[in-house]
Amino acid sequence: MIQTHESLGRAAEAIEEIDVSSVKDQDTRVGDGNTSTDGINSRDIEGALSAAGCDYRPAENRWKCPVHGGHALAVTRKPDKDVIFCHAGCKSEAILSKIGLSFADLEHGGEPKPGPVPEWAREPYVKPGKPRAYPYRDEAGELLYTVFRHEPKAFKQQAADGSWTIKDVRRVLYRLPSVLEAVANGRTIHLAEGEKAADALHASGEVSTCNSGGSAGWRDELADPLKGAAEVIVWQDRDDAGAKWAAAVTESLKARQVPHRVVQARTEAPADDAWDHLAAGWSTGQAVPVERATDPVERLLSELLDSSGLDDIPSPEPLISGWLTLDTLCRINGEPGAGKSFTALDWAGHVGTGRSWNGHVVTPGPVVYLVAEGARGFKKRVRAWEQHHGRRMANVYFLPRPVQVMGEEWDTFRELCRRVRPVLIVVDTQSRVTVGVEENSNTDMGRVVDRMEALRAATGACVLLAHHTPKGGDGGRGAGVITGAINTEFMATKKRNGSSLVTLENTKEKDEAEGSKLRFVMQVIDLEPPPGEDPFASSETSVVLVPQERAEAPAEVDLSLPVGTSAADKLRILLTRVWGNGGTFTKAEAQGLVVGDTKAVARPTFHAKWKELVTEGFIRAELSESGRELSRFRVDTASDG
């Protein structure tokens, strides 16, 4: 999991290396040297790493890097080759050199072949007179009952109190505590029909489980602990009983919307299971997919809910109470400069740090922020937020470039987000990630909505788009299909009279009352110089949003000018009317007022007259405590002769 701001750049680099076609198997690995995959001989790279003393951490899906020594090395399987990528930045050439391989060794092909027989498969599984015990424990690790397997094959079940019946004992999954831990970490779970197969999967490095009682022992409630798993791989035995068991399991998983797939052993003897498959030297990645032919009408009928069934649909969970909701698609609209990106960043900062936002409780968690435009200036915005709030913007991860929604890389970005598991994903802006898409076409934008919804469904996060409005418009630019699809929509507006007042309004809410409104002041922050730089040098500035009640916004004033007023006097009049009551402003704000809003003078004239007014002392720079000139100014009406 990404932990620091420095790793954000590495996340941006890592997106280039992830191959979505291999994502399903990312968590699939078998130990004891048995790591072949379908059409891939990855034993070379993983074997070479093991021989070099580099161990593997399944929980992180990372190998120890032979160059820098940390567990940051990812091995990704592609159809034609293996890809290695060190998240600490080590060069692939250096890694391969350390373990005695070249790039040519990463290429592969041909028919799949099994690896060597693992050590655990070379001994009798159960010896006569020595039954194998399978303890079944509850969430807290307390023993509920034990299943004993004897040779010849026979089973007995003993309750924790010593009685040889479990009729009234609660049934649970085998290895339940470790399953719950793995689910909490978003890992893949392998579900077998019996304990022997589950033990083989466990010995091979997987998180595995099963139910007691074999093919007839599955109960629907056993699927509850699997909600939240990245994926459940169901191992179907090669017989009719195994097929019926797998069908019952998949129905339970479907009802809980648990991602899953069904596989079976590559070995083909009747009743072969995961143990037979792995004992023959095959890896979990080489299991045979089982395609289920189902009546589409029956499948759709199974999804119908009556009124009582609606109670099983989870209620909306707030991300920022009263404003944003988890597992929804939202959008904030506004003209350029209206404050929509500053609002999105403010939300991200409060969610990432777990701080309430203007009195509204937040659900803290990771945030992924796709900075699709203005990446160069974004660092200043983050530093201004941190300086204003007195803390680092922790747990917020930025990708400082666009990823096109309709491109192949969007699938990669979706998988990146699934691994980071954010509660908020910000896409800033919509137009920069839909290049080439006709934004006025409901057909084209409908496809964009589908891709955004896939991102939401994969993560359960609130996906927030920042989007432009047409000049003077009151909604997002382009086709209406996206407006109809999103759950919540906001409008950020800023008056064009020199005011720094931003109004944020909830203009659409599918399931709640809309109309919430807040007002903020865009407060300019003089950024502290980086360590080692001259503290008296001219400082950089950025902006943060401050609630109106905590800051004074310039009042609306008369901006009309007498006919025949000179250019210098136009500046004097306008600056005095807006900021002459002691307010401060930046040169950019003054230019926006004089050149942009009122069009009193042209830009070259503004710069010339600004210099004159600074020289004569009418415009004075603010000073820091150390005497350094800041980038904020005020007017000195006493010098106005």
Side-chain angles (χ1 to χ4, degrees), residues 323-324 330-348 369-378 380-381 384-385 402 426-435 437-440 445 448 464-483 486 488-508 514-524 541-548 551 553-557 559 574 578 585-600 603 606:
W323 288 85
L324 295 176
C330 305
R331 188 167 72 174
I332 179 169
N333 303 311
E335 292 186 23
K340 57 185 178 294
S341 292
F342 286 105
T343 301
L345 181 63
D346 197 37
W347 279 336
Y369 201 119
L370 183 60
V371 188
E373 67 179 35
R376 286 179 176 268
F378 214 82
K380 294 199 303 181
R381 299 184 181 188
W385 189 96
V426 181
V427 179
D428 188 0
T429 60
Q430 175 186 312
S431 62
R432 294 304 303 154
V433 299
T434 55
V435 175
V437 176
E438 175 50 63
E439 73 173 9
N440 293 311
M445 293 309 296
V448 170
L464 175 67
L465 309 178
H467 189 44
H468 298 296
T469 62
K471 188 173 181 179
D474 57 359
R477 194 177 63 199
V481 64
I482 194 165
T483 301
I486 60 181
T488 311
E489 193 163 31
F490 305 95
M491 187 71 178
T493 55
K494 180 173 175 287
K495 295 188 177 181
R496 302 177 60 84
N497 63 351
S499 171
S500 59
L501 185 65
V502 173
T503 300
L504 177 66
E505 183 176 4
N506 180 331
T507 56
K508 180 198 173 183
E514 58 190 44
S516 300
K517 184 183 294 186
L518 288 176
R519 289 184 173 86
F520 301 89
V521 173
M522 298 183 77
Q523 181 172 310
V524 177
T541 64
S542 190
V543 171
V544 295
L545 295 183
V546 179
Q548 184 183 18
E556 295 185 36
V557 296
L559 299 180
L574 292 173
V578 175
F585 53 93
T586 65
K587 184 178 180 181
E589 288 174 326
Q591 180 178 320
L593 170 67
V594 178
V595 178
D597 293 336
T598 64
K599 296 181 172 56
R603 183 180 291 119
F606 169 81

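With no hydrogens or angles considered, a side-chain donor-acceptor pair links Asp428 and Ser341 at under 3.5 Å.
We find the CG-CD distance between Leu465 and Gln430 to be 5.5 Å, quoted to the nearest 0.5 Å. Taking CG from Asn333 and CD from Glu505, the interatomic distance works out to 12.0 Å, rounded to the nearest 0.5 Å. Taken to the nearest 0.5 Å, the CG atom of Leu324 stands 6.5 Å off from the CG atom of Leu464.
The shortest distance between side-chain heavy atoms of Thr503 and Met491 does not fall below 4.5 Å. Side-chain atoms of His468 and Lys340, non-hydrogen and from C-beta on, do get closer than 4.5 Å to each other.
Qualifying salt bridge (Lys or Arg N to Asp or Glu O under 4.0 Å) partners for Arg603, counting only residues two or more places apart in sequence or in other chains: none. Residues passing the side chain to side chain contact (heavy atoms under 4.5 Å, CB included) test with Thr343, sequence neighbours excluded: Ile332, Trp347, Leu504, Leu545.
Side-chain atoms of Lys508 come within 3.5 Å of backbone atoms of Ile486 as a donor-acceptor pair (strictly under, hydrogens ignored).
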Evaluation steps, side-chain contact (heavy atoms from CB on, under 4.5 Å), between Thr483 and Arg331: CA-CA 8 Å; Thr483 301; Arg331 188 167 72 174; 3.1 Å; yes
Trp323 and Asn506: CA distance, side-chain angles, deciding distance, side chain to side chain donor-acceptor pair (under 3.5 Å) verdict: CA-CA 8 Å; Trp323 288 85; Asn506 180 331; over 6 Å; no
Verdict with reasoning, Glu489 to His467, per side-chain contact (heavy atoms from CB on, under 4.5 Å): CA-CA 10 Å; Glu489 193 163 31; His467 189 44; over 6 Å; no
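Not less than 6.0 angstrom separates the ring centroid of Phe342 from the ring centroid of Phe520.
Pairing each heavy atom of Gly339 with each of Ala492, the nearest pair is C-CB, 4.4 Å. The two residues Ala600 and Leu574 make their nearest non-hydrogen contact at CB-CD1, 3.8 Å. Of all the heavy atoms in Met445 and Ala479, the pair that sits closest is CG-CB, 4.0 Å.
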